[in-house]
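Let me begin by presenting the structure, written as structure tokens, before commenting on it.
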Amino acid sequence: KLTELAPDDYFNALGLGDATLLEARRAPDDLLRRTRHFAVLYALSRVLEREEEEEALFVHVLDLLLKVVGADRAYIAVGSDPTALDIRTHRHITGRDAPLRVSRTMARTVIGEKKGVVLEDRQADERVSESVSMNLAATRALVAAPLLHAGTVYGLIALESGELGSRFDEASLALVPVVGASVAAA
């Protein structure tokens with residue numbers, strides 16, 4: 001459990017261990033990102049310890065990710081068939097409920113290939129530029145990862161933004177699958 005780590009393990013995870021301290025001083029933005037991601041994982045471990053109801057767990061997880069990743073909306077969809085996913089929980093920070101549909105193209109990659117996806121500019125990405133569901137939802141950027149545990153995919157977790165720009169990056173893709181695996185294991 002994350003809550004049972006020794007202090008040296010915390011420091012190493014943040015990049016502040018004896019071997020990495022000099023690197024942390026050279027890259028304060030990276031240190032900030034690691035600290036925020038570590039805080040999410042710590043908060044997630046606390047939520048997983050106390051939440052027994054699936055819906056409440058999903059809400060807490062999505063709220064945590066929305067705060068850190070900088071998305072407008074997030075959802076968790078369950079199922080193993082990319083064409084028939086059930087959106088169990090969704091959250092919007094904008095207050096507007098744009099149509100929420102899971103892109104089959106994105107779902108085939110995330111579920112079928114068991115890997116995460118980052119789209120920095122959906123319209124410029126030929127894999128999904130013509131996606132009807134993403135056009136309806138006004139999705140410009142997206143990060144998604146499978147809910148994967150012991151080789152089995154239970155669904156996916158996705159965060160979307162309607163703003164153009166590189167709101168999601170490889171660092172986001174590093175965090176979201178860890179959260180997805182933790183949720184799947186619960």
Side-chain angles (χ1 to χ4, degrees), residues 1-2 36-37 39-119 122 125 127-128 131-163 167-168 171-186:
K1 287 183 183 178
L2 189 60
R36 291 176 65 94
H37 287 190
V40 167
L41 296 176
Y42 178 77
L44 176 63
S45 73
R46 304 289 299 189
V47 168
L48 291 171
E49 287 176 357
R50 74 173 185 267
E51 287 300 341
E52 295 178 14
E53 182 187 324
E54 180 182 271
E55 174 72 17
L57 172 66
F58 289 174
V59 166
H60 284 295
V61 167
L62 294 179
D63 286 347
L64 278 169
L65 286 173
L66 284 170
K67 285 180 188 175
V68 173
V69 176
D72 298 328
R73 55 192 169 270
Y75 59 89
I76 293 176
V78 297
S80 57
D81 179 355
T83 64
L85 292 171
D86 177 29
I87 297 174
R88 290 285 172 87
T89 304
H90 67 280
R91 306 292 282 169
H92 297 266
I93 64 166
T94 60
R96 297 177 303 170
D97 274 354
L100 195 58
R101 298 181 189 187
V102 179
S103 162
R104 290 182 183 175
T105 305
M106 179 269 301
R108 277 191 289 275
T109 300
V110 172
I111 291 178
E113 298 177 23
K114 298 180 182 180
K115 68 179 191 178
V117 173
V118 173
L119 303 174
R122 183 210 31 96
D125 192 312
R127 297 174 295 176
V128 293
S131 172
V132 173
S133 58
M134 289 189 176
N135 281 330
L136 287 172
T139 301
R140 297 296 299 259
L142 171 134
V143 61
L147 299 178
L148 180 65
H149 178 67
T152 302
V153 177
Y154 296 96
L156 62 83
I157 185 167
L159 293 98
E160 300 178 350
S161 174
E163 292 183 26
R167 295 194 57 163
F168 308 129
S172 300
L173 188 55
L175 175 66
V176 176
V178 173
V179 172
S182 299
V183 169

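Here, residue 1 is the first one in the sequence, and each next residue gets the next number.
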May I ask you to test the [X]-[Y] pair for a side-chain heavy-atom distance under 4.5 Å?
X    : Y    : result
K115 : T109 : yes
V153 : S80  : no
L62  : L159 : no

With [X], which residues qualify under side chain to side chain donor-acceptor pair (under 3.5 Å), at least two apart?
X    : answer
S182 : none
R108 : none
K114 : none

Original post:
Can you name the residues that form a side-chain contact (heavy atoms from CB on, under 4.5 Å) with E52, not counting sequence neighbours?
Top reply: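 E52: no side-chain contact (heavy atoms from CB on, under 4.5 Å) contacts found.
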
Original post:
Who passes side-chain contact (heavy atoms from CB on, under 4.5 Å) against A107, sequence neighbours left out?
Top reply: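 In terms of side-chain contact (heavy atoms from CB on, under 4.5 Å), with neighbours along the sequence ignored, A107 is linked to P82, L85, V102, L156.
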
**OP:** Applying salt bridge (Lys or Arg N to Asp or Glu O under 4.0 Å), name anything that partners K67, two or more places apart in sequence or on another chain.
**Re:**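 Result, salt bridge (Lys or Arg N to Asp or Glu O under 4.0 Å) vs K67: none returned.
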
Gap separating the [atom1] atom of [X] from the [atom2] atom of [Y], nearest 0.5 angstrom:
X   : Y   : atom1 : atom2 : result
E55 : I76 : CD    : CD1   : 9.0 Å
H60 : L44 : NE2   : CG    : 11.0 Å
I87 : Y75 : CD1   : OH    : 6.0 Å

Might you point out which heavy atoms bring [X] and [Y] nearest each other, and give the distance in Å?
X    : Y    : answer
E160 : A71  : O-CB, 3.4 Å
A43  : L64  : CB-CD2, 3.6 Å
I111 : G79  : CD1-O, 3.8 Å
A184 : L147 : CB-C, 3.6 Å
A186 : L48  : CB-CD2, 3.6 Å

Original post:
When you look at L65 and I157, which way does the side chain to side chain contact (heavy atoms under 4.5 Å, CB included) test go after all the steps?
Top reply: CA-CA 10 Å; L65 286 173; I157 185 167; 3.5 Å; yes

Subject >> Check: T83 main-chain N/O paired with D81 side-chain donor or acceptor under 3.5 Å >> reply: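 Judged by distance alone, yes, a pair lies under 3.5 Å.
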
